[in-house]
Amino acid sequence: MEWQGVIKEIGPYLYISDEFPHGVSVNLKERKRSDDIDPETDEEVIVAGWVQTIRKKGKIAFILLRDRGGVVQVTALKNEMGEEDYGRLTKVQRESVIAVRGKVQKSEYVKRGFEILPIEWELLNEADAPLPMGVVDKVNVELDTRLDNRFMDLRREEVMAIFALKSTMLSAIRNNLEEKGFLEVQTPKILKAGAEGGATLFKLDYFGENAYLAQSPQLFKQILMSTGLERVYEIAPAFRAELSDTTRHLSEFTSLDFEMSFIESQDDVMDAVEEMLDSAIKAAIEDGEKYLEILGIELKAPKRPYPRISFEEAKKMLAEKGKQVENDLDTEGEKILGEIMAEKGYDAYFVVEYPEEEKPFYIMEKDGTPWSYSFDLEFRGQELASGGQREHRPDVLEERMRKKGLDPSDFEFYLKAFKYGMPPHGGVGIGVERLIQKALRLENVRETTIFPRDRFRLVP
RNA sequence: GCCCCGGUAGUGUAGCGGCCUAUCAUGCGGGCCUGUCGAGCCCGCGACUCGGGUUCAAAUCCCGACCGGGGCGCCA
């Protein structure tokens, strides 16, 4: 269709058109979100959204129109609209996008207390039928089908609720960290070398040179400790080419990392983690009430202080339950410990001082012992985060690298920062998706990622 | 990487050698209905992942491919 809009000059550099070129007669600039409509008014409003269902009852039809603000009922009367218009409106396919100009009317019949009597309406985009999956159907839809059709899956209120809560919690986390003087940073995700070892890396071609996707911002956030920024945090993707295919692994996940200087001990880091998580969960409870209700979740902030159990103690606690572990908690050990702690009323707890042998080179050893100044945060039997005090003395750090079979010369860019004034520091890395998964008691991490990447999924 | 399990209308399922012209629900199409709200009622539409094999006979048994689910290890 030809452009029919009128270009109106507002100033020397700004113009707007006052008509939409597609010939929409219902003015979307006047559109109101359904939760902004005052049920007491009897004025005209314009609403637009997705046709969720149409219940036809002969000469009256109820069209449920969904937008971000919820579902609003448009009540169509054949006698008011005329047979043709009524017929067209009530035959619109589900999930089509329409705009309606109509009169607000209080109504005892409708749950929301009002309905809209259409005066004029327009089909903005018709949906094909059948739908690849139902939005409100009572049949179950498998996760794989849902992820293949994520755009439609996200139209379901219980799916949207997860992401609304994720957003709320991340926002609370940012506020909490900012209040404590943390600065948000972004570190590179394309790296020359893989750094930590352990986790597998995604290799890529970087202008003819080998490069890797970052598995963690670890080395960079530590380098930043030597700059005087003192406290930094980053919420960014991390990539792991692990062959894991479980309900708690992703190839690309969001890593929430922070690092803080001048700590007295790793307890300072754990204190910060605890406060941060507490604020996130409380925000979800206070600001996300409506979404928790949709999900049918009763969320409680974990009892504080989060217990700090040494690895040796944890080992003993497990031994009492007949579970033997060596240098690390295996999945079963984690779950059993989760049950033991749940009985004592704790959802969240730290396991501290893991054997240094199990921990990466940058963790500080507890001198003269086989342990390290490290911790894992466990949440209902699953590892959510790990952190600790870092080794800030360059000579000891190099020695630890060699002990781990790494060549310090490969880490020049990193070690350099330790040679010209590096304060004692510590930090943590938290799996954001796992946090959301555990907090909302979801069975699969993929539920917490809008477009998850896993071993077998690269699309969409 | 290892170990189990599965692929049936658009979606979710039942059937697991002949009773299958394949069950049920949802969906889609049509019809009735002016206060529905998981609307209801009636009629209709729509499927055995692909390739090979066994058998008189395969959705059903065997092999392979592809796709998916769960667990372990590893991790966040």
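In what follows, chains carry the letters A, B, and so on, assigned in the order in which the sequence lines appear, proteins first and then strands, with residues in each chain numbered from 1.
Regarding A:I54, its CD1 atom lies at a distance of 13 Å from the C1' atom of B:C28, rounded to whole Å. As rounded to whole Å, 12 Å separates atom P of B:C28 from atom CD of A:E126. One atom, CE of A:M152, and another, P of B:U11, lie 13 Å apart when rounded to the nearest Å. Between the NZ atom of A:K56 and the P atom of B:U34 there is a distance of 12 Å, given to the nearest Å. Summarising the geometry, the separation between CG on A:D148 and P on B:G12 is reported as 10 Å, rounded to the nearest angstrom. One atom, CD1 of A:I63, and another, P of B:C37, lie 16 Å apart when rounded to the nearest Å. The separation between A:L243 atom CG and B:G1 atom P is 5 Å, rounded to whole Å. One atom, NZ of A:K57, and another, C1' of B:C37, lie 11 Å apart when rounded to the nearest Å.
Judged by closest nucleotide on RNA chain B, A:Y109 is the one of A:D144 and A:Y109 placed further toward the 5' end. Ranked by how close their nearest RNA chain B nucleotide is to the 5' end, A:S244 and A:F456 are led by A:F456.
Of the candidate nucleotides B:C75, B:G12, B:G68, B:C75 has the atom nearest to the side chain of A:E334. Relative to the side chain of A:R55, the nucleotides B:A39, B:C75, B:G73 differ in distance, and B:A39 lies closest. With distances taken from any side-chain atom of A:N79 to the nucleotides B:U34, B:G69, B:G35, the minimum falls on B:U34. For A:F62, whose side chain is taken as the heavy atoms from C-beta onward, the closest listed nucleotide among B:A76, B:U36, B:C37 is B:U36. Side chain of A:Q73, nearest nucleotide from B:G35, B:G70, B:C74: B:G35. In this structure, the nucleotide among B:G29, B:G27, B:C75 sitting nearest to the side chain of A:P130 is B:G27. Of the candidate nucleotides B:G27, B:G35, B:G12, B:G12 has the atom lying nearest to any side-chain atom of A:N140. Taking only side-chain atoms of A:A129, from C-beta outward, the nucleotide of B:C28, B:G12, B:U34 with the closest atom is B:C28. With distances taken from any side-chain atom of A:E383 to the nucleotides B:G71, B:C75, B:U11, the minimum falls on B:C75. Looking at the side chain of A:V139, the nearest of the listed nucleotides B:A76, B:G35, B:G12 is B:G12.
Here A:E443 lies out of heavy-atom contact (under 4.0 Å) with every strand. Across all strands, A:D330 comes closer than 4.0 Å only to sugar-phosphate atoms, never to a base (heavy-atom distances). When heavy atoms are screened at a 4.0 angstrom cut-off, A:N444 is found touching the sugar-phosphate backbone but no base atom. When heavy atoms are screened at a 4.0 angstrom cut-off, A:K335 is found touching the sugar-phosphate backbone but no base atom. If you check every strand for non-hydrogen atoms under 4.0 Å, A:L143 touches nothing. Within 4.0 Å (heavy atoms only), A:V432 reaches no atom of the nucleic acid at all. Residue A:T254 is out of contact with every strand shown, counting any heavy-atom pair closer than 4.0 Å. Note on A:L77: a base of the nucleic acid sits closer than 4.0 angstrom, heavy atoms only. A:R94 comes within 4.0 angstrom of sugar-phosphate atoms only, judged by non-hydrogen atoms across all strands, and of no base.
B:G53 sits 49 Å from B:G40 when the P atoms are compared, rounded to a whole Å. When the C1' atom is used for both B:U55 and B:G71, the distance is 37 Å, rounded to whole Å. Of the C1' atoms belonging to B:U8 and B:U23, the separation is 11 Å, rounded to the nearest Å.
Within 6.0 Å of the CD atom in A:E293, the count of heavy atoms belonging to other residues, nucleotides or ligands does not exceed 12.
For B:C67, its base never sits under 3.5 Å from the side chain of A:R457 at any donor and acceptor pair. Under 3.5 Å, the side chain of A:R240 and the base of B:A76 form at least one donor-acceptor pair of N or O atoms. Side-chain N/O atoms of A:E142 and base N/O atoms of B:U11 include no donor-acceptor pair closer than 3.5 Å. Looking at A:S107, its side chain comes within 3.5 Å of the base of B:G35 through a donor and an acceptor atom.
Here the side chain of A:E274 pairs a donor or acceptor atom with the backbone of A:Y306 at under 3.5 angstrom.
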Checklist entry - Between A:E80 and A:Y86, does a side chain to side chain donor-acceptor pair (under 3.5 Å) hold up when you go through it step by step? => result CA-CA 9 Å; A:E80 297 286 321; A:Y86 177 84; over 6 Å; no
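With salt bridges taken as basic N to acidic carboxylate O contacts below 4.0 Å, none links A:D271 and A:R304. Of the charged side-chain nitrogens involved, none lies within less than 4.0 Å of a carboxylate oxygen, so that A:D35 and A:K290 do not count as a salt-bridged pair.
With pairs defined as Watson-Crick or G-U wobble and both atom distances under 3.5 Å, the stems of at least three pairs that touch RNA chain B come out as B:1-7 with B:66-72, B:10-12 with B:24-26, B:27-32 with B:40-45, B:49-53 with B:61-65.
We find the CZ-CG distance between A:R94 and A:L131 to be 5.0 Å, quoted to the nearest 0.5 Å.
Of the residues listed (A:L191, A:V232, A:V185), the one engaging A:F220 in a side chain to side chain contact (heavy atoms under 4.5 Å, CB included) is A:L191, and it is the only one.
In the model, A:S255 has no side-chain atom that pairs as donor or acceptor with a side-chain atom of A:E234 under 3.5 Å. There is a side-chain donor-acceptor pair under 3.5 Å between A:Y233 and A:E184.
Residues A:F361 and A:F411 place their aromatic rings such that the two centres sit under 6.0 Å apart.
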